[in-house]
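The analysis underlying the following values was restricted to heavy atoms, covering all of them including side chains, and did not include hydrogens, waters or symmetry mates. Here is how names work: the chains are called A, B, and so on, in the same order as the sequence lines, proteins then strands, and each is numbered from 1.
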2 protein chains.
Amino acid sequence: MLPDVRFSTILIADDHQLFNEGLRTLLTFDGSLFRVVGQVYQGNDVIPAIHKLNPAIVLMDINLPNRNGIDLSRQIVREFPSVRIVIISMYSYQKFVDELQEIGISGYLLKSASQEELVRCLNQVSNGMTYFDPKLKAASPHQEDEFIRRFKLSPRELEIIVLIKQGLATPDIARRLFLAEDTVKTHRKNIYYKLDITNVAELIQFANEQGL
Amino acid sequence: MLPDVRFSTILIADDHQLFNEGLRTLLTFDGSLFRVVGQVYQGNDVIPAIHKLNPAIVLMDINLPNRNGIDLSRQIVREFPSVRIVIISMYSYQKFVDELQEIGISGYLLKSASQEELVRCLNQVSNGMTYFDPKLKAASPHQEDEFIRRFKLSPRELEIIVLIKQGLATPDIARRLFLAEDTVKTHRKNIYYKLDITNVAELIQFANEQGL
DNA sequence: GTCCAAATACCCCAAAAGGGGTATAGATTC
DNA sequence: GAATCTATACCCCTTTTGGGGTATTTGGAC
């Protein structure tokens, strides 16, 4: 019997059995265009499963016993160029993402994604496009009027808080914003004064609490 | 209408939306005795949800944004003694398990558990018994957290990461741990090297991703 | 036309962070 | 027994941070 071409066949590789099972059930809804053809729970089982099942897409965690998803991705791209890879991970560690993108994976989803995002991602990937979790890019909306007033932070100060949180040092920020270092220092001092804090760690805690 | 006593009502608290959704679908099979009455995605939402939904069991991750599962467990046991708590976590840290057991949770499952184990656990808990993942005992060295091995961070290094994240400066940490400042500096340098980062902001990002 | 907040930029200084080494004792692993 | 890992602690040095000021310009608000 020939495989039904309407369906994208999917292999799930995740050592968290509950998550693995959960993914399968999430992809098995009425009208779903996906068919989970295999589930494995450790790195060593991925390549044999691809051999045997020839899935269109491998949905894989980075963190697998025996072999990690990055090495596996490299091998899959090399040996099964037609198989598309979607990484699904709790890490938004940019180093991982960059490395994997360079290797040539088709998608990267965070485990904090929703079912809708999962389906959208797999749809795009099965149509030959790529999908990378929007949360990976630190984009900030402009809806914080509430707490700006509360802490009396100016727009410029907010901008600088976000950059500090991203790991930029004062000179980096100055270059980025075309400002003198001293100006950025002044802003930092004012921010610390307004928030009643004394170092970066506390600033980042604040930023995280505010969802910056 | 009275609640159907045949069902155990369940509140799911996990920030990984896909996992959260997956759990719900896994518990919604034919003949299931469980009914998922609520799903929340951050620590702050747990207590209000219990107030509103009065679930029999809270199925909760340890790592939640805003508030962690350990603090929450303490509050739930104190304020809602009839609500049973089952922790579902990727960590098999004995320290966490011990602490939670002392607080009085009813169960602890690893995310690597199977659907059968999940159901068995919830059955036992809803019948007033406890259930702790069998893998917790066999744990010790091998079952150590994946990410520790991945990043090869030593226990001392982890300890210091947590203190840095809390906003302590090197001299503070040295005093706290009865170490020379230079020792703490060395640990910092080694941590930065291992994680391939260059400043506190990046370190805190990492720590937050790991739920440290 | 004055007042004020915001953004800009400089002065001073001390403390902390960051980056390059080396070294030694103790435990564990091979 | 050798190799490795961990924790400890020191050397060197530069850069960044944090904290105290002052000051100018600009654009609105009153």
Report summary line: Assert: residue with more 5' nearest nucleotide on DNA chain D, out of A201(A) and R156(B), is R156(B)
Query - Nearest-Å distance for atom pair CZ/P, residues R188(B) and dT16(D) - result: 16 Å
Query raised in the report: So, R35(A) and S8(A): side-chain donor and acceptor under 3.5 Å apart, yes or no?
Result: no
Report task. Provide, to the nearest angstrom, the distance between the OH atom belonging to Y193(B) and the C1' atom belonging to dC5(D). Result -> 15 Å
Query - H51(A) and F80(A) aromatic ring geometry - parallel, tilted or perpendicular at 30°/60° bounds - result: perpendicular
Query - Nearest-0.5 Å distance, CG of residue L27(A) to CD1 of residue I12(A) - result: 5.5 Å
Query raised in the report: Is it true that atom CG of D196(A) has more than 12 heavy atoms of other residues, nucleotides or ligands lying nearer than 6.0 Å?
Result: no
Query raised in the report: Tell me, which of residues 170-182 of chain B have any heavy atom that sits under 4.0 Å from an atom in DNA chain C?
Result: T170(B), P171(B)
Query raised in the report: Roughly how far, to the nearest 0.5 Å, is the NE2 atom of H187(B) from the CG atom of L158(B)?
Result: 11.5 Å
Query raised in the report: Starting at CD1 of I164(A) and ending at C1' of dA17(C), how long is that distance when rounded to a whole Å?
Result: 15 Å
Could you list, one pair per line, each protein nitrogen or oxygen that sits under 3.5 Å from a nitrogen or oxygen of nucleotides 19-25 of chain D, together with the distance?
unit_1  : atom_1 : unit_2  : atom_2 : d
dG20(D) : O6     : K189(A) : NZ     : 2.2

Report summary line: Whole-Å distance, N190(B) CG to dA17(C) P, equals 16 Å
Report task. Could you tell me the separation between the CG atom of L203(B) and the P atom of dT17(D), rounded to a whole number of Å? Result -> 15 Å
**Report entry** Atom pair CD1 (I88(A)) and CG (L23(A)), whose distance is rounded to the nearest 0.5 Å
**Finding:** 5.0 Å
Query raised in the report: Quick one: is dT8(C) close enough that its OP1 or OP2 comes under 4.0 Å of any side-chain N or O from T183(A)?
Result: no
Query raised in the report: Could you state the CD1-P distance from I191(B) to dG18(C), rounded to the nearest angstrom?
Result: 11 Å
Report task. Answer with yes or no whether the side chains of R84(B) and S126(B) bring together a donor and an acceptor at under 3.5 Å. Result -> no
Query raised in the report: At their closest point, which heavy atom of Q115(B) faces which heavy atom of L26(B), and how far apart are they?
Result: NE2-O, 3.1 Å
Query - Six-ring centre of F19(B), K111(B) cation under 6.0 angstrom, axis tolerance 45° - result: yes
Requested in this report: Write down the distance between NE2 (H187(B)) and C1' (dT8(D)), rounded to a whole number of angstrom.
Outcome: 7 Å
Query raised in the report: Please give, in whole Å, the distance from dA9(C) P to I160(A) CD1?
Result: 11 Å
